[in-house]
Amino acid sequence: MNLSLLSSCKSLRSLQQLQAHATKSSLDADPLIAGKLLLHCAVHISDARAHDYAERLLRHAPNPDAFMYNAVIRGFSDSDAPHSSISTFALMLKNLSSQIDSFTLAFSLKSAANLRCLRTGSQLHCQALLRGLDIHIFVGTTLISMYAECGRVEFARDVFDEIPEPNTVTWNALLTAFFRRGDVGGAERVFAAMPAKSPTSYNLMLGGYTKLGEFALAGKVFDEMPLKDEVSWSTMILGLAQHGWFEEAFGYFRRLRGVGTRPNEVSLTGVLSACAQAGALEFAKMVHCFVEKVGLIWITPVNNALMDTYSKCGSVDMSRLVFERMTGKRSIVSWTTLITGLAMQGHGEEALALFLEMEGSGVELDGTAFVALLYACAHAGLVEEGSEMFDKMSKLYRLNPEIEHYGCMVDLYSRAGQLTRAYDFVTQMPIPPNDIIWRTLLGACSFHGNVQLAEKVKDKLSEMDPNNRGDRVLLSNIYAVAGKWRDAAAVRRSMAELKLRKSPGWSRIEVDKMVYTFVAGVREDGVTREAYEKLGEVMSRIRVEGGYVPEVAIVLHDVEEEEKEGAVAAHSEKLAVAFGMARSGGGRRVRVVKNLRVCRDCHNVMKLISKVYDMEIVMRDRSRFHYFKNGNCSCKDYW
DNA sequence: TTACTAATGC
């Protein structure tokens, strides 16, 4: 039998055929062939069943050698069942203890690290000590990583000190250990003491700094490092994107293109993540073209990132198109991304249909997929459908509902106005409800004007999160709407006395592939002045032609209120839209992204602008999309 | 057949 056939075996099925062929020719008795087959099965086939199959082969082999044990231990070490790797180690300890070598220990330790199991890791450390393998360069380095994963930097250090000739990889493992525990000073000392540095050492520093948001330090290392590889660029771009520095992430991407390095798929997903968060559609389209051009469109995570970006930029049609045309295998993430995208736009029915299609597609469902589905049902008023799916989740799919799922259900009933059902559901939950759940209910009380229930709910919230500003705003609004002025005023006084924190609100708009950020109350730069000027003109026109009346009176507007200064007149979304109108040169569409939920007054203003100026406004707020057109909003005034 | 670095959905 030709062993080179092995590399063409990409599926468990084709491998089993080869296996059958070997058995028929009595070749399976050859330990070399049996071992190679087993290794290929355990390591090179990305199918959970392949690992189990390899383990069965091992257990049935007449005289399995160390190579075969090692193959199975390795196969499980990077799977989602690392504990099977440990049980295989135990089997080897029983049957072939004398043959345990550096490979066995390195792979087993990797599993212990993935399991974050200090007990298992320490026991393996003992086995290594018994055999004098703890100072073996590969085993020792993996030991350091294992202790790092388990958060025991002092043990990692002890192992390091025993290794006679640590190489750069060993030093890197130690560096990782210090960062993992958040000891930046320690990491910096290790970095300074290293006798030699490979690009990985620098990249570890970049990763350590960017995770902490230390971009000045990261930038310095980045500029000083002699050789920047793909990981260096990806780390910077991803780190910036994850900390909300979108324009800076774009800057690194432009720089990367400028120096002629070809961005890899990780840099691309990173820059797409920045586009998604910032709502930068034009930049995203450019990245999409680039992905096609460099031939990385077959990579599933890149497609998923593209879909997510288009959805979050308000172009769910493009998202759907990417999904339909993707050449790579659709993962559970691909399906969930599109379902969420459809749900955010209020296309609940289509989201539900897609979920049903996913059920038949053979992908393994997970909890997040159900979060997306329940979110879709909640936003489209599909109460009974959502309810049924929630039951199905545990009964049919054996997925344990988590707090997010209960939250979705409370939202589902609340939005539909079934407050009693929502409240009963909360009181009968098998796990204790968190503040988010009570807050959902409080919001629903506010929307439906249920003062009695609101007071009950507020008591719960006061116990859990006594200093939350948003909760008091909601309660005050409930009283105000019910005409209980005295109660409303008392809540507001208590807020003033406590000087409760405010979440800073911002809105962003993309013009000519540049993203502009607006914050209420800040007005020094030219861009903001331009926005204010246009806003003044817009407001007076909608007052005259649209009959606008500001909703200031007694009701406090924002759930998570922006700057109260200047009342609601200068909320950041108004500034961003005005700026977009000033710069769009008569364009009929403006797209804005806001980090909080849009307030009622701004929502009203957007409707009027869409009518008076005959234009469309697409606004993504914290929970969904609003399409303003002809004086109406796609959310039907419920958000 | 082994060790250290970056990734997508709520």
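This one's a predicted model, so the numbers in the text were calculated from it and none came from an experiment. So you know, we letter chains A, B, ... as the sequences are listed, proteins then strands, and number each from 1.
Counting non-hydrogen atoms under 4.0 angstrom, A:T200 reaches a base of the nucleic acid. Residue A:K312 is classed as a sugar-phosphate contact, given heavy-atom separations below 4.0 Å to backbone atoms only. Contact annotation for A:N70: base contact, defined as any heavy-atom pair under 4.0 Å involving a base atom. In this structure, A:N303 reaches neither bases nor backbone, as no heavy-atom distance under 4.0 Å exists between it and the strands shown. Note on A:S145: only backbone sugar-phosphate atoms sit closer than 4.0 angstrom, heavy atoms only; bases stay farther off. Nucleic acid contact for A:N264: base, since at least one base atom lies under 4.0 Å from a heavy atom of the residue. A:S102 comes within 4.0 angstrom of a nucleotide base, judged by non-hydrogen atoms across all strands. Within the 4.0 angstrom heavy-atom criterion, base atoms lie near A:S234.
Within residues 153-175 of chain A, the residues approaching DNA chain B are A:N167, A:V169, A:N172, by heavy-atom distance under 4.0 Å.
Rounding to the nearest 0.5 Å gives a distance of 10.5 Å between CZ of A:R622 and NZ of A:K594.
For A:F290, there are no ring-ring contact (aromatic ring centres under 6.0 Å, His included) partners at least two apart in sequence or on another chain.
Classification of A:E230 and A:R262 as a salt-bridged pair fails, no side-chain N sitting under 4.0 Å from a carboxylate O. Between A:R255 and A:D223 there is a salt bridge, with a side-chain nitrogen of the basic residue lying less than 4.0 Å from a carboxylate oxygen of the acidic one.
Under the side chain to side chain contact (heavy atoms under 4.5 Å, CB included) test applied with A:S334, the options A:T300, A:N303, A:V322 reduce to a single match, A:T300.
Nucleotides of DNA chain B that come within less than 4.0 Å of any heavy atom of chain A span, from the 5' end to the 3' end, B:dT1 to B:dC10.
Taking the six-membered ring where the residue is Trp, A:F76 and A:H51 present tilted rings, their angle falling between 30° and 60°. Taking the six-membered ring for Trp and thresholds of 30 and 60 degrees, A:Y406 and A:F425 have ring planes inclined between 30 and 60 degrees apart.
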* To do: Start with the C-alpha gap between A:N595 and A:D621, add the side-chain angles, then the distance that decides, and say whether side-chain hydrogen bond (donor to acceptor under 3.5 Å, both in side chains) holds.
  => CA-CA 6 Å; A:N595 65 334; A:D621 78 2; over 6 Å; no

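Within a 6.0 Å sphere centred on CD of A:E154, heavy atoms belonging to other residues, nucleotides or ligands number more than 12.
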